[in-house]
Amino acid sequence: MEKNNIVAPLSKSKNKRKPALWQIILIFIFLFYMLVPILSTYIFSVATRWDRTILPEGLTLNSYARAFKASYFNSSLRNSMILSLSTVFVSLCLIIPTVYWVHIRFPAAKSFLEVLMILPFGIPTVVLALALVQAYNVTPIGRTPFLLIGAVFIYSMPFMYRPVANALRAIDAHTLTEAGQSLGATTFQILMKVIIPNIFPGIISGSLLVFATVFAEFTLTKLIIGARFKTFPLLLVEYTRINGNVAAAFSVISFTIAWLVSLLILWVSRKGQGASAEALRAR
Amino acid sequence: MAYLELKNVSKTFTNVVAVKDFTLDIEKGSLVSFLGPSGCGKTTTLRMIAGFEQPDSGTIILDGVDITPIPPNQRDIGMVFQAYALFPNMTVRQNVAFGLQMKKTPKDELEKRVKDVLEMVRLQETAKRFPHELSGGQQQRVALARALAVRPRVLLLDEPLSALDAEVRVALRGEIRRIQSELAITTIYVTHDQEEALSISDRVVVMDKGLIQQVGTPIEIYRSPQTRFVATFIGTANQFFGKVAGKKLIVSDGLKILVAKMNSFKEGEEVVVLVRPESIHVTTEQQKREGWNSISGVVETVTFHGAVTRLGVNVNNRRIVADIVAAKTEPISLNQKVWLMFPIDVCQVMAKEG
């Protein structure tokens, strides 16, 4: 018996076999599939000419210079920021209270909400855009950035809903709410002081997903508002017809910005959370 | 007039009757337990008092005011939950201060009260820690402090010790009783653990299937159960089913059992006689004593429980259990023939049904 006990950990480490060859190959195929487009975009953005050789004939930063100097560069970047941040804000204000409310008071409506959250994936974006344009054209918000925010909010709804709902399910929201009520807090106070701090990681990942999705959104913007509110993806697509290298540079810039904003949101949230994040991690 | 009154309170959940016609008066400053098996309606009743559930009918009156329509956050009723329900994002101090902040208590007063209640539950030194850094027992003491800090009119405890180890459970229930008496706070304690209910309550409400079975002091509940459910749920009771055969005589499977009080049962009626194991004296030789029943049987099991030893005795192919204090009794072994003696006044006669 004793012998077995001593041998057990050893044999366990021996059991940790090296991955089989086919597993390694599979992983490489996957990485290749994922990384090649990104890497080639990066290389293409600094390439001089790249149609006669396997590797670019030379390297230059000219495309970036042209990208930064492009008319609409600043305004489209600003518009994209406005659109993405407003949508994140609207998402936070609408989705969190709704999900909490349904979770606590109308659990029967949960399945309805789940179905609702899959709809944006089911409706083709073009259909959504054209339908919205038709419906709202007669109203004052037709073909304005406000309608666009509403549209991309619907489009990005599942990305906020899913992490928030999961985070809410992970805490005992019911009992925490009742504990708060028995201490004299209103539902709103409980939401702000108890529920939100405890589902914060879910809220952050939801915000990041919504931000990234909306920052790269093209179809809805193009069809609802077009050139009157040029966003970064619109500018990028315009340049694919003018100069591929500059378009690639735009892609890299867009990717970098999304990445930086994500880091910023993470950093701010960590700072704001402090010890309570630690408390949540420990659970 | 009692401090807290429940009048004909009923509640049904989708065709399941949770609480039926519950009427109870609770005196100010007393500790009342709701005791019963799971699904008996004790927690539902507590949640209606807290305001988390609305009764289908009936009223709940606190200090002369009907609180039935008042939302839970305006009732001034504190609650301690089985799962502690401490706010994970707040320190112990912040948890305890939460209710006071909701009431906009001035800062000096707030600090003083937080300090006082933490002292009361003996957790001053943990004020800056987070709930996850505390043991279960400590967390539940914080929850108690948090509920007490706002000085609620009534304190509700919903199986507060069920999630804890046996040792912590016993220590903490003593703490709860001490603090409750010190503050003289009207308290309702829900539990399925009879020992817990009997040891800390002024009064015990035994419930089953949504109905109150009996209300009384712990001693009354234990010594004079009014229904067969109470008698068998609280402690252990031997049951002799039989028929009334005389003024004080009941015949059960050929055994003749004399009882002191027949209550209102008449000759020929089917009844059950209940005898607690600790009321039975075990002897190895037959003794004649006035006012005692004496039946014989064979010892089938001997189980050592520490302070007492429990014997399982076969009497006419029926198992009767008797507790003996080992130190005071002659040694008894398996398959030994013994006499079971019990005074006629410990025999409780009650209806076969119910």
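Proteins come first, then strands; the chains are lettered A, B, ... in the order of their sequence lines, and each starts at number 1.
Residue Phe89(A) places its CZ atom among 12 or fewer non-hydrogen atoms of other residues, nucleotides or ligands, all under 6.0 Å distant. With a 6.0 Å radius and a threshold of 12 heavy atoms from other residues, nucleotides or ligands, Phe112(A) has its CZ atom at or below the threshold. Lys110(A) NZ: more than 12 foreign heavy atoms inside a 6.0 Å radius. Within a 6.0 Å radius of OH in Tyr136(A), no more than 12 heavy atoms belonging to other residues, nucleotides or ligands are found. For CZ of Phe121(A), the number of neighbouring non-hydrogen atoms (other residues, nucleotides, ligands) closer than 6.0 Å is greater than 12.
Here Gln189(A) contributes atom CD and Phe98(B) contributes atom CZ; the two are 6.5 Å apart, rounded to the nearest 0.5 Å. Atoms OG1 and CG, on Thr177(A) and Asn73(B) in that order, are 11.5 Å from each other to the nearest 0.5 Å.
Among Met79(B), Lys103(B), Gln82(B), the residue with the largest count of heavy-atom pairs under 4.5 Å with chain A is Met79(B).
Residue contact with chain A, scored on non-hydrogen atoms closer than 4.5 Å, involves the side chain of Arg47(B) exclusively. Only the backbone of Leu86(B) has a heavy atom closer than 4.5 Å to any heavy atom of chain A.
Within residues 178-186 of chain A, the residues having any heavy atom less than 4.5 Å from a heavy atom of chain B are, in residue-number order, Glu178(A), Ala179(A), Gly180(A), Gln181(A), Ser182(A), Leu183(A), Gly184(A), Ala185(A), Thr186(A).
The salt bridge (Lys or Arg N to Asp or Glu O under 4.0 Å) check on Arg177(B) picks up Asp202(B), with sequence neighbours excluded.
For the side-chain contact (heavy atoms from CB on, under 4.5 Å) test with Pro88(B), the passing option among Val194(A), Ile171(A), Asn198(A), Asp172(A) is Asn198(A); the others fail.
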Between Lys193(A) and Phe87(B), is the side chain to side chain contact (heavy atoms under 4.5 Å, CB included) condition met? List the steps. CA-CA 9 Å; Lys193(A) 287 175 191 273; Phe87(B) 306 134; over 6 Å; no

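Contact detail for Leu176(A) and Ala85(B): the closest heavy-atom pair is CD2-O, 3.7 Å.
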